[in-house]
Amino acid sequence: MGDKLSSLEWLPDTVDRAPLTSAPLTARLAFPRRFKQGLQLLLNAVFPHSCPVCDELVQSDGGVCLSCWQTLELISAPYCERLGIPLHYELGPNAWSAAALVNPPDYDRARASVLYNGPAKELVKRFKFYGEIRLSKLLAVCMLNAATELLQSDSILIPVPLHTARLRERTYNQSALLAREVGTRLDCQFILNGLFRTRRTNQQVGLKRDARTANVRGAFAVSDDFLPNVSGANVVLVDDVLTTGATVEECARVLKAAGAARVDVLVFALVDPDKVSEYSD
Ligand SMILES: O=P(O)(O)OC[C@H]1O[C@H](OP(=O)(O)OP(=O)(O)O)[C@H](O)[C@@H]1O
């Protein structure tokens, strides 16, 4: 498995190095609950920034506290060259996992920053479902190492699209925010509408593996804006989470069928391969 992040050498500036308290101040006071709630409201007004994982007060907006940061499981070498999943043992340069050998994906390489558990799940939940779009910065910063490995001078970042109906409901595409942040920070071209959904799909969450594949089958197409440039393109697909890979594999198939030379995948988090069945079986 990838090393758990205790490596402070990889501490991005969006992590709060000096949390203001070790537990919510009001939780530690021996006052009646209503008083504590009132005090917390007051504190929130004076110190408006809190850790997006545990709500601990922090000094910078969108920064996680150090203790949450240390429980994120960053993916580091050794990992599968093809799937980006952590390997239990060092197998040499460019080694493929058994899963990749048995069932090679339709994309070329995937890379993720963290395993999807604990604080990573909470970050994605708040980013995607609670409207906390400020988290795009933190997540994108976490993705920069993985992005740097994938990106070449002619790479084009393309986010996994939402259907227009879901976009209207959510009001933003979380993957587009990530693609824009990463692209801007690494000075890489991004095309936020490179793909679109041809039909509304159910959310993958809660579906079994086969149902996930069927759910996204034929659901993507290359946009008219990107179509003239897709031939020979070096695409890096961007998404928030990779679980079974059904979504990004379908996108990769469409892009390659349209002439893309290469399709890599960049996500914030991927589900631990040993735990995919918990989400999809
Ligand atoms: O690897 P997979 O098994 O395909 O699962 C991952 C996909 O599922 C989630 O999206 P979902 O379709 O649930 O919906 P949303 O992005 O519209 O919320 C997630 O954002 C990925 O796109």
Side-chain angles (χ1 to χ4, degrees), residues 75 80 82-85 97 99-100 103-107 109-117 120-133 135-136 139-140 142-143 146 157-182 192-221 235-255 263-281:
I75 296 173
C80 169
R82 196 73 194 269
L83 302 177
I85 58 177
S97 59
N103 197 8
D106 288 299
Y107 52 76
R109 293 176 297 173
R111 293 291 180 271
S113 313
V114 298
L115 289 178
Y116 184 63
N117 55 30
K121 277 169 93 166
E122 185 65 24
L123 285 169
V124 170
K125 184 176 82 182
R126 294 193 185 202
F127 175 45
K128 192 163 155 177
F129 300 117
Y130 292 10
E132 294 198 29
I133 58 173
L135 293 178
S136 61
L139 271 52
C142 291
M143 293 161 77
L157 294 166
I158 293 186
V160 169
L162 293 185
H163 188 263
T164 45
R166 177 131 337 124
L167 186 59
R168 262 199 304 277
E169 287 162 12
R170 190 171 292 157
T171 71
Y172 58 94
N173 176 357
Q174 71 280 353
S175 303
L177 294 181
L178 294 176
R180 191 178 60 190
E181 278 292 333
V182 170
L192 300 184
N193 67 344
L195 288 171
F196 68 98
R197 290 209 191 216
T198 56
R199 60 181 169 79
R200 186 164 189 174
T201 52
N202 291 321
Q203 287 196 297
Q204 296 284 65
V205 177
L207 298 181
K208 295 183 189 301
R209 185 184 290 267
D210 288 351
R212 284 177 181 240
T213 304
N215 188 34
V216 293
R217 183 54 52 90
F220 300 98
V235 174
V236 177
L237 272 171
V238 180
D239 206 355
D240 53 347
V241 180
L242 187 158
T243 307
T244 64
T247 302
V248 286
E249 286 211 62
E250 186 64 18
C251 291
R253 266 193 291 276
V254 164
L255 285 161
V263 180
D264 291 323
V265 172
L266 173 68
V267 295
F268 168 64
L270 64 72
V271 172
D272 183 334
D274 295 335
K275 295 184 179 150
V276 168
S277 59
E278 289 175 21
Y279 294 86
S280 60
D281 287 345

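Ligands are counted one by one from 1 in listed order, and the atoms in each one are counted from 1 as well. Remember, predicted model here, so these are calculated numbers, not experimental data.
Evaluation of the side chain to side chain donor-acceptor pair (under 3.5 Å) rule for Asn117 yields Glu73 as partners, not counting sequence neighbours. The side chain to side chain donor-acceptor pair (under 3.5 Å) search around Arg109 returns Asp264, not counting sequence neighbours.
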N/O donor-acceptor pairs under 3.5 Å from side chains in residues 159-168, not counting sequence neighbours:
| from | atom 1 | to | atom 2 | distance (Å) |
| --- | --- | --- | --- | --- |
| His163 | ND1 | Ala165 | N | 3.1 |
| Arg166 | NH2 | Thr201 | O | 3.0 |

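Note that the CD atom of Glu250 and the CG atom of Leu237 stand 11.5 Å from one another [nearest 0.5 Å].
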As a test of reading the model: which N/O atoms of the protein lie under 3.5 Å from N/O atoms of ligand 1, and at what distance?
| from | atom 1 | to | atom 2 | distance (Å) |
| --- | --- | --- | --- | --- |
| ligand 1 | 1 (O) | Thr243 | N | 2.9 |
| ligand 1 | 1 (O) | Thr244 | N | 3.1 |
| ligand 1 | 1 (O) | Gly245 | N | 2.8 |
| ligand 1 | 3 (O) | Arg212 | NH1 | 2.6 |
| ligand 1 | 3 (O) | Thr244 | N | 3.0 |
| ligand 1 | 3 (O) | Thr244 | OG1 | 2.6 |
| ligand 1 | 4 (O) | Gln204 | NE2 | 3.0 |
| ligand 1 | 4 (O) | Thr247 | N | 2.9 |
| ligand 1 | 4 (O) | Thr247 | OG1 | 2.6 |
| ligand 1 | 5 (O) | Arg212 | NH1 | 3.1 |
| ligand 1 | 12 (O) | Gln204 | N | 3.2 |
| ligand 1 | 13 (O) | Gln204 | N | 2.8 |
| ligand 1 | 16 (O) | Lys128 | NZ | 3.4 |
| ligand 1 | 16 (O) | Gln174 | NE2 | 3.2 |
| ligand 1 | 17 (O) | Arg166 | NH1 | 2.7 |
| ligand 1 | 18 (O) | Lys128 | NZ | 3.3 |
| ligand 1 | 18 (O) | Arg170 | NH1 | 3.2 |
| ligand 1 | 18 (O) | Arg170 | NH2 | 2.6 |
| ligand 1 | 18 (O) | Gln203 | NE2 | 2.8 |
| ligand 1 | 20 (O) | Lys128 | NZ | 2.8 |
| ligand 1 | 20 (O) | Asp240 | OD1 | 2.6 |
| ligand 1 | 20 (O) | Asp240 | OD2 | 3.4 |
| ligand 1 | 22 (O) | Asp239 | OD2 | 2.6 |

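By the neighbour-count criterion of 12 heavy atoms within 6.0 Å, atom CZ of Arg180 is sparsely surrounded, having that number or fewer from other residues, nucleotides or ligands.
Val267 is not listed as a side-chain neighbour of Tyr116, based on a closest heavy-atom distance of 4.5 Å or more.
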